[in-house]
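What's counted below: heavy atoms across the whole structure, side chains too, no hydrogens, waters or symmetry copies. Every value quoted in this text rests on a predicted model; they were computed, and no experiment measured them. In what follows, chains are A, B, ... by sequence order, proteins preceding strands, each numbered from 1.
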Amino acid sequence: AQSVTQLGSHVSVSEGALVLLRCNYSSSVPPYLFWYVQYPNQGLQLLLKYTTGATLVKGINGFEAEFKKSETSFHLTKPSAHMSDAAEYFCAALTPGGSQGNLIFGKGTKLSVKP
Amino acid sequence: GAGVSQTPSNKVTEKGKYVELRCDPISGHTALYWYRQSLGQGPEFLIYFQGTGAADDSGLPNDRFFAVRPEGSVSTLKIQRTERGDSAVYLCASSAGTNSRIETQYFGPGTRLLVL
C-alpha cells in the first residue's frame, strides 16, 4: 500500500533562509504527488502538484518541488523564507489507477520562521 | 466565490451520542470527499462521492460511520454511538468532478469533534 513519509515533524528556519521540507513515497509505481499548506484555523490549500512531464514543479508563494523517481522523493523548497510561510505543510500521493479520492497524506511538517 | 464550508466548526458530544457533520461544497463541484485528521497526523481518507453516489467508501472505519449526499451537493457525515477515539478534525473537500484523477481538491476549514 502507498505511504508517504515526511522527515521532520517540525522545521525551523530564519527569515530569508532556504526552506527544505522532505517527502518520500513508498510505491514502486510513481504516484501523483501534491503539497498542501495549512494555516491555523484554515483549510488545506494546494501549493503544487506533480502528475507527469517536467519533474520540477513550481507552485504558489515561491515554492517549488522536484520529483526524483530514483530517490522516491518530492521535496519542497523555497529559496528565501518569509514570516508568512509559517504553517503546517502536508505531502500527499494519489495512486494512478486507484480511487480518485484516496489521497494518502504524510503526517505533516510544521514550519516555523524566526525573525 | 465561496469556498467549501463546514458546520459546525466545533462539536462537543458525549460518548454514545449521535452526531451529524455538514459539508457545503463549492457550487458546481460534483465530487466531494471526507477526511479525518487526528492530532499530530495527516488527513486520512474516509469516503468520496461522485454526484449522489459513494464512489469509494473504503476509508470508513466501521459501520458507525455513514455519509450521504442525497441531491449531489450538500453532504452529511453521520457518526453513531460516538467513542472517544472519534475525536478529530473532520475535513471535507470538493473538486470539479471531471473524472480526472489529477484535479485539485479544495478543502474546507474542518469540524473539530470532541467526544467526552
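With hydrophobic clusters built from ILVMFWY side chains whose heavy atoms lie under 4.5 angstrom apart, Leu33(A) shares a cluster with Trp35(A). Note on Leu46(B): it clusters hydrophobically with Phe49(B), by side-chain heavy-atom contacts below 4.5 Å among ILVMFWY residues. By the criterion of side-chain heavy atoms lying less than 4.5 angstrom apart, applied directly or through intervening Ile, Leu, Val, Met, Phe, Trp or Tyr residues, Tyr39(A) is grouped together with Leu21(A) in one hydrophobic cluster. In the hydrophobic clustering of ILVMFWY residues, with side-chain heavy atoms under 4.5 Å counting as a link, Leu113(B) and Leu77(B) come out together. Transitive grouping of hydrophobic side chains (ILVMFWY, heavy atoms separated by less than 4.5 Å) keeps Phe34(A) and Val37(A) in distinct clusters.
Contact detail for Gln37(B) and Phe90(A): the closest heavy-atom pair is NE2-CZ, 3.2 Å.
For Phe65(B), the CZ atom counts as densely surrounded, since its 6.0 Å shell holds more than 12 non-hydrogen atoms of other residues, nucleotides or ligands. Around CZ of Phe45(B), the count of heavy atoms belonging to other residues, nucleotides or ligands within 6.0 Å exceeds 12. Heavy atoms from other residues, nucleotides or ligands lying under 6.0 Å from CG of Leu7(A) number 12 at most.
Checked against the 6.0 Å centroid criterion, the rings of Phe105(A) and Tyr35(B) qualify as a close aromatic pair.
If you measure heavy-atom distances from Ser58(B) to chain A, the contacts under 4.5 Å come from the side chain alone. Neither the backbone nor the side chain of Gln6(A) has a heavy atom closer than 4.5 Å to any heavy atom of chain B.
Side-chain contact between Tyr36(A) and Phe107(B) is present, with at least one heavy-atom pair separated by less than 4.5 Å.
For the atom pair OH (Tyr32(A)) and CD (Glu103(B)), the distance works out to 12.0 Å, reported to the nearest 0.5 Å.
Residues of residues 43-76 of chain A placed with any heavy atom under 4.5 Å of a heavy atom in chain B are listed by number as Gly43(A), Leu44(A), Leu46(A), Lys49(A), Thr51(A). Against chain A, no residue from residues 14-21 of chain B qualifies, as none has a non-hydrogen atom under 4.5 angstrom away.
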